[in-house]
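When reading the values below, keep in mind they use all heavy atoms of this one structure, side chains included, and skip hydrogens, waters and symmetry mates.
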Amino acid sequence: MEQQQQQTPSLDDCLKLLKGERDEQRLAGLLLVTKFCNGDDLVSLRKVYNAVGVHFLDRLLRTGTGKGSVTGGDNRDMYLQLSVTVLAAFCRVPDIAESKEMVSKIPLILEIMPEVSGSPVLEECYEFLYLVTTSYEDGATAFYESGGMKVLASQMSSLPDGSHMMELAMKIVQSILSRLSQDVVTNTYVSELSMMVATVARQFALLHNSLKFEALHLLSEIFSSKYSKPLCDALCAMAGNKWPDHMRAGIVAILQNRVEPAEKLHALILAESVISIMGEGWLLGQPNLPDLPDSIPADRCFLLVLESARVEVAVLLNDLAYLKYEASKDTSTTVETILLKQRNVAIAFSLVERVIKLTSTMDEVEGSVIGERTLIKVINGLNETINVVLEYLEDAKEHGQKKGNDLLASVRVVGSYLAETPNACKEKVRELLDYMLTIEGEDEPSPFHSISFLLPMMCQITMDIEGCEALISSGGYKAVAECLVKLIGPRGNMVGDDGCTFLACDTVLNLLLKKEQMLFRMDESTFIDLLKAIGYWAGNANDLSVIIMASSICALIFDYTSEEALLNHPNFDNSSLHNLYKIIARSLASCKQDMSDIVREETDLLEIVTSGLSLKLESIR
């Protein structure tokens with residue numbers, strides 16, 4: 001035994017060989033190093049590196065790749081294996097990994113990787129690239145500029161699932177995206193990045209170890225970037241690829257198991273990203289993945305996402321209320337925490353809205369995978385969540401808070417739900433309506449988006465007297481009129497879609513049509529601003545639906561006041577009045593000359609115009 005220990009080579013023996021004058025001695029020294037030198041022994045690795053020298057390592061690598069002055073003959077593969085193995089080992093020493101000598105070898109390593117696919121040397125190549133690209137920004141840059149993304153994209157899909165090489169490849173991608181601008185990476189290598197995402201999604205679905213969470217974090221980081229749209233477009237175009245099913249399977253696995261809350265939040269971020277690409281219908285589907293041992297029920301993802309989002313909403317809103325109203329103020333930590341939680345609750349809100357949208361179309365889909373009992377459970381859950389949001393808004397009202405993106409997002413999710421069920425949480429909504437209509441986003445000079453989010457609900461409730469009275473008592477009619485002026489008026493700086501504009505118009509019409517039943521009077525300044533905006537909107541319009549809608553509102557307001565009263569207002573003159581009469585005349589003419597689908601659809605509005613103003617217009621002509 002003692003004789004055997006004495007014959008075992010020591011580090012000093014290796015160093016003597018490495019410092020020898022002949023290449024044969026150095027090769028023998030390196031071979032000994034690979035057999036007994038512990039990769040975690042950084043001190044010994046440093047000594048060996050200093051002894052062998054950079055130039056010999058460079059010659060050895062080039063000989064192994066066939067680019068050296070000596071071809072290497074039958075030993076070329078051995079030289080390549082040896083050179084890459086020792087380079088990877090040396091790069092475990094951080095200052096060696098970030099040295100210019102190691103960074104300069106990245107292009108050559110990338111060049112040989114396609115040639116050594118299936119060889120043990122490939123894993124050493126990945127080890128080397130990982131250590132160099134993650135140690136120093138220049139390493140990441142050299143990798144990127146040398147076409148490393150193309151090499152990774154071409155190889156990752158063929159790497160064994162869950163292998164050490166796959167783990168290293170994923171960490172390299174994460175390093176590149178964190179050290180370089182994802183804007184540049186996405187725009188230059190969008191096709192390659194989409195292929196990598198598809199491969200990582202497969203790991204996310206199939207694995208049940210720590211690498212599953214590495215995949216989750218990488219995917220979450222990629223999709224959380226503001227530069228991810230080109231990638232989303234590329235993924236959408238990948239016909240036949242199973243990445244959406246892999247994503248669904250991975251997300252379900254995270255959400256249905258006991259994992260840290262932060263991991264579930266990552267899964268929700270990922271779910272929101274996939275829905276933005278595939279649509280809400282992705283939530284309902286049964287993955288067709290032969291590699292998965294257990295099938296996933298078609299409604300599992302839908303229910304898990306809803307329940308997890310509901311939990312996040314409740315927890316985050318409770319945390320935000322505490323931080324904003326009870327915790328110590330004006331500390332940088334508190335401010336940063338509030339901003340983070342506001343971003344996270346926005347994700348949860350968005351998912352709740354997605355579920356609301358999907359649930360509202362269930363009746364339209366034949367053979368829906370959601371049964372009636374499950375649907376009732378979903379609706380009850382949504383009701384509970386909307387009540388939690390309303391309580392958060394009530395708390396903010398009591399503390400005099402009207403400005404904040406979290407408050408605006410709260411109004412948005414409430415508005416989305418009430419658009420489908422306008423009488424839900426009726427008492428609490430009516431109680432908070434005046435407050436919700438005054439909420440502003442951080443960058444808004446005055447309320448606009450909060451009003452537009454609630455327009456679908458206000459339009460529906462004003463179809464009956466009770467709803468009209470609720471809107472009038474809350475001052476909501478002024479908010480709707482001001483919102484409409486911002487949308488269509490000459491000084492309006494808000495951009496809204498036509499749907500929002502016509503919802504506001506319909507709400508105003510509903511109120512004006514019932515004014516006598518409620519003894520409702522719109523104040524003068526409100527209807528003057530509204531008439532001026534309508535004149536600007538419809539004055540040069542060619543869209544018949546715009547002309548007819550504008551005319552019907554004008555007719556009802558004219559029935560409500562007199563020309564003399566209008567002209568006595570300093571902001572209204574004969575030109576304004578004449579412009580409105582021209583619009584009304586155009587709508588009446590369309591009724592006689594044009595029987596298009598638009599005119600037939602707007603018959604009820606034309607009747608309002610005709611009954612209110614036909615005699616007056618005849619006298620003016």
Do other residues, nucleotides or ligands put more than 12 heavy atoms under 6.0 Å from Y536 OH? no
Can you see whether T462 engages K514 through a side-chain donor-acceptor pair at a distance of less than 3.5 angstrom? no
Would you please name every residue forming a salt bridge (charged side-chain N to carboxylate O under 4.0 Å, His left out) with E307, sequence neighbours left out? R310
Has the side chain of E280 got a donor or acceptor atom that lies under 3.5 Å from a matching backbone atom of K357? no
How would you list, by chain and number, every residue that makes a salt bridge (charged side-chain N to carboxylate O under 4.0 Å, His left out) with E469, sequence neighbours excluded? none
For F349, which residues count as a ring-ring contact (aromatic ring centres under 6.0 Å, His included) partner, sequence neighbours excluded? none
Please identify each residue that fulfils side-chain hydrogen bond (donor to acceptor under 3.5 Å, both in side chains) with T421, with sequence neighbours left out. none
Please list all pairs passing the ring-ring contact (aromatic ring centres under 6.0 Å, His included) test where one or both residues lie in residues 397-433, with sequence neighbours left out. Y325-H399
What residues, two or more places apart in sequence or in another chain, satisfy ring-ring contact (aromatic ring centres under 6.0 Å, His included) together with Y144? Y189
Take a 6.0 Å sphere around CG of N380 and say whether it holds more than 12 heavy atoms from other residues, nucleotides or ligands. yes
E398 CD: over 12 foreign heavy atoms closer than 6.0 Å: yes
Quick one: do the E442 and N405 side chains pair a donor with an acceptor below 3.5 Å? no
Can you confirm whether the side chains of S474 and D434 place a donor and an acceptor under 3.5 Å from each other? no
Exceeds 12 heavy-atom contacts within 6.0 angstrom, atom CG of N568: yes
Starting at CH2 of W243, measure out to CG of L219 and round the result to the nearest 0.5 Å. 10.0 Å
